[in-house]
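Computed from heavy atoms alone, side chains included, the values below leave out hydrogens, waters and symmetry copies. Position 1 is the first residue of the sequence; numbering continues from there.
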Amino acid sequence: MSLLEIKRLNKSYMLAGKVKVPVLKDVNVKFESGEFVSILGESGSGKSTLMNIIGGMDSDYEGDVIVQGKTLRTMKEVEIDAYRKDKIGFIFQSFNLIPHLSVLENVMIAMQMTDHSTQERTQRAKEILTEIGLKDHMAKRPNQLSGGQKQRVAIARALSNDPDIILADEPTGSLDQETSEQILELLDSIAKKGVLIITVTHSQRVASFGSRIVSVEDGCIKEDQFLKERYLSVKETEQKKGKNLSFAASFKLAIKNMVLNSKRNTLVAVGGAIGILSVILMLSLGNGITGYMNDEINSSLNPLLVDVVKAAEPGQEQQEQEGPPMQQIANEPFTDQDISTISGIKNVDRVEKVITISGKNNMVFKDTNKELSSIGTVTESIKAENIEKGIMPVEGEVLLTAAFAKRLSSETTYQSLVGEKVHLYINEMNEQNRPVTIETDWVVSGIYNQEDRGPLSGANVYTSYTTLEKAYSEQDLTLQPTQLNAYASNMDDVEGIKEVVKTEGFESSPIASIMERVTTYLKMASWVLSAIAGISLLVSGIMILVVLNISVVERTREIGILRAIGARKKDIRRIFFSESALLGLFSGLIAVVAAWLLSLLLNNLIYNAFEVELVRLSAVYLVFGLGVSTLISIVAGLLPSSKAAKLDPMESLRYE
C-alpha cells in the first residue's frame, strides 16, 4: 500500500463567480516513504494547488487523496486538522516564522498540540535545532537570522511532530546557490530516514537533486521521471494521538502578543480602567453616604425598634391645626386599647410611650424666662455617653440640651445648671376645650449634647413620660402618647411586627418613613450615576473591538501558519478570545488598584474636613469591577476571534 495516492484529481476555480477555470486535470500519481519528489512546473501550472490539496489545506476538489489507505474526502474538518498536525510538515518559501517568538518557540509551537510534556517538547526542539546546525541560535528572533538559517528553522518546525510527509513550497527560492545546496542536502538526509519529501519548484537544478521528478503542465502530469531509487530505510509509522491547543498554550501566545504590543494594549487597558474606576467610585460613594445616614439614624434608633403612629381621622388634622399651638400635631393620640393592642403583638418585648409637646411653653430659671420649642420624652435614642455633665433624668427631673442651657444661663456657666431647680409652664387645653396652664418644678439632671447624634425629635428639654403624666394629672388632665416605640425580641421579628402593625391600622413614624425614602433615593442616585459612568465602559468595549480587529489583520499570516500545523478554528478563536479576556482582566486590575488608592485619598481629605469617611469601597465592588471589565472585553472579542477563525489558511499564508 502506497503512503500517498492521488486518483482522478480535478480542481477548478471560478472567476467572477461565472467562468470555471480548470487548474488540475485528472491527476493520478502515487508516492512512497523515503522518496524525495520534486513537482516541477512553471508558475500557474497547478503545482502549488496540488501541494495544498495534499496538505489538507484545500478540500474543494473532485477525485480522491488517499493517505495510508484513508481518504481525505470523507474526513471531517477536525480530522483534517488532525491530519495536518500528525502527518504533514510544511516548509514555505517565505519561511513563515512567527516574528515575536524565538527560534526555539517557533519550533515548539507545533508540539503544543501533542501529548508530550513541556520538558519533552523542549528537549525534542533542542535536539532538532542542534542536528540542523542552529544550536547557538535558539534564543534569537527570526529577524536576527539569515535566509538560510530561517529556512532551517522552518525545516525544524516541520520535523518537530515527526511527520510522515514534508511538503516544501519553493524551499530554496529565496536563497543563494550555496545555501540552497545545504538546504537540499538537509532535505535529502530527512528522506533517508523514511520521510516522504515533496518539494514544489520551477527550477530544474533543484528538481534534479531529488530521487524523482513529477512534471506538471497546464494542470496535467506530463512526465513522471525516477532519477534514483527511493531510500529503503522505512520510517516506522504509528498512530499518533495529538491533542488540541491547550488553554495554557493559548494564553501563553496571547500574553506574548500583548507584550509585543504592550504600549497600545496598555493605553486601551487604561481607557477601559477609567470607566470601571468611575463605576466603582460612584457605587462606593453612594454606599458610603447611605451607610453614613443609616449610622446616624441607628445611633438614635434601636434596630429592634418599630415606631408606631396613629394617623389622624379625615378632617381631624385641620381641626387640630386651628386649635392652640400646643395641639398642632398631625397624629391622633393612642388610647389605652391601642396601647394594649400594640403590646399584645407576638414577639413585642416592650412598648415605650412617646410624646413631643410643642407650643408656647416656657422655662424659668431665677430671673431668666425662655420659650421652649418643644418638650420631648426620654427614649432609648437618648444616649448617656452624649451627656456633657450630669446623668439621665429620673422622676421629677429634666434633661436640658446644651444649646437651650446656654440660653437659659450664662454661656460660660451653663453646665452649672445641673442640680438646679427650674420652673416649667405648659399651656394645654382641658376636656371643656378651655386653656389650662400646667406649672411644675423640675430638677436639672444633666446637660445633653444634641448635636452629637441626638434624637430625631430635636426637643429643647427631655423628661420621662411618667414625670409629664404626673404633671398633667395634677391638673386633672390625661396625657396620651402620640407615638409608641415597640421593641422586638430579636431582629428576625422586626419585619413581622411591622406587617401586623400595618394590618391593625397603624402606621410607621413619618420621620422613619422619610429617612427610609431618602436612603432609597440615595441608592437610586448612586446607581444612576454609576450607569452614566458606565457609558465609558461601552467606549472601552469598542476600543478593544477595534484593537483586536487590527490584531487579526496584523497576524493574518500567523493564523495561516497555525492552521497549517494543525490548529483548529476553535484553537484560533481561543487564542484571540484569551487575548481579549486578558486585556479586560488587566484593565480591571488597573481600575481596582486605582479605586483603592483614590478611596484612601478621598476619605483622608473628607475626614480632615468633616471627620467622616464617605467612600466605602467593599470587596464586592472590586470583584464586580474585575468581572464587568473581563466580561465586556470577552464580549468585544467575540467578533474578532470569530473573524480570525474563519480566515482561509491558504489566503492567510499569502497575506502581505
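Ring-centre distance between F404 and Y414: not below the 6.0 Å cut-off.
A distance-only check finds no donor-acceptor pair linking the side chain of S409 to the backbone of K406 [under 3.5 Å]. In this structure, the side chain of N265 engages the main chain of M258 through a donor-acceptor pair within 3.5 Å. A donor-acceptor pair is defined here as one N or O able to donate and one able to accept, closer than 3.5 Å; no such pair exists between the side chain of N604 and the backbone of L600. A donor-acceptor pair under 3.5 Å links the side-chain atoms of T556 to the main chain of V553, judged by distance alone. Of the possible donor and acceptor atoms, none in the side chain of S629 sits under 3.5 Å from a partner among the backbone N and O of L585. A donor-acceptor pair under 3.5 Å is formed between the side chain of N603 and the backbone N or O of V615. The backbone N or O of K360 lies less than 3.5 Å from a partner atom in the side chain of N427, making a donor-acceptor pair. Side-chain atoms of Y292 never come within 3.5 Å of backbone atoms of N287 as a donor-acceptor pair (strictly under, hydrogens ignored). Listed for the S374 side chain is no donor-acceptor partner under 3.5 Å among the backbone atoms of T356. For S587 (side chain) and A269 (main-chain N/O), a donor-acceptor pair under 3.5 Å exists by modelled atom type.
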What's the verdict on side-chain contact (heavy atoms from CB on, under 4.5 Å) for E558 and L562, showing C-alpha distance, side-chain angles and the deciding distance? CA-CA 6 Å; E558 177 186 338; L562 292 170; 4.3 Å; yes
When you look at D571 and R574, which way does the side-chain contact (heavy atoms from CB on, under 4.5 Å) test go after all the steps? CA-CA 5 Å; D571 298 325; R574 187 183 293 165; 4.1 Å; yes
Using the rule given for side-chain contact (heavy atoms from CB on, under 4.5 Å), can you reason through Y487 versus V348, listing the C-alpha separation, both sets of side-chain angles and the distance that settles it, and then say yes or no? CA-CA 6 Å; Y487 292 92; V348 170; over 6 Å; no
Mind running salt bridge (charged side-chain N to carboxylate O under 4.0 Å, His left out) on E579 and R555 for me, showing each step along the way? CA-CA 13 Å; E579 194 169 319; R555 296 161 64 191; 2.6 Å; yes
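Shown here are the side chain to side chain contact (heavy atoms under 4.5 Å, CB included) partners of Q337, two or more places apart in sequence or in another chain: T335, T341.
Nearest heavy-atom pair, L101 versus E105, reported as atom, atom and distance to 0.1 Å: CA-OE1, 3.5 Å. Taking all atoms of both residues into account, the shortest heavy-atom contact from L548 to G637 is CD1-CA, 3.5 Å. What you find for S445 and M392 is that their closest heavy atoms are OG-C, 3.7 Å. Of all non-hydrogen atoms in A459 and G376, the two that sit nearest each other are CB-N, 3.5 Å.
Between the side chains of N369 and N362, a donor-acceptor pair is found at a separation under 3.5 Å. Residues N433 and E431 have side chains that never bring a donor and an acceptor to within less than 3.5 angstrom of each other. Under 3.5 Å, the side chains of S373 and N460 contain a donor-acceptor pair of N or O atoms. For Y448 and E388, the side-chain atoms include no donor-acceptor pair closer than 3.5 Å. Side chains of S343 and S340: a donor-acceptor N/O pair is absent below 3.5 angstrom, by distance only. Of the N and O atoms on the side chains of E397 and T467, not one donor lies less than 3.5 Å from an acceptor on the other residue.
With a 6.0 Å radius and a threshold of 12 heavy atoms from other residues, nucleotides or ligands, F624 has its CZ atom at or below the threshold. E474 CD: more than 12 foreign heavy atoms inside a 6.0 Å radius.
One finds no salt bridge joining E495 and K502 here, because no Lys/Arg side-chain nitrogen approaches an Asp/Glu carboxylate oxygen to under 4.0 Å. Taking the charged nitrogens against the carboxylate oxygens, K498 and E507 have no contact shorter than 4.0 Å, which rules out a salt bridge.
Sorted by first and then second residue, the salt bridge (charged side-chain N to carboxylate O under 4.0 Å, His left out) pairs with a member in residues 334-343 read K310-D338; sequence neighbours excluded.
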Would you give me the side-chain donor-acceptor pairs under 3.5 Å for residues 588-599, sequence neighbours excluded?
{"residue": "S599", "atom": "OG", "partner": "A595", "partner atom": "O", "Å": "3.2"}
{"residue": "S599", "atom": "OG", "partner": "W596", "partner atom": "O", "Å": "2.7"}

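I559 places a side-chain heavy atom less than 4.5 Å from the side chain of F576.
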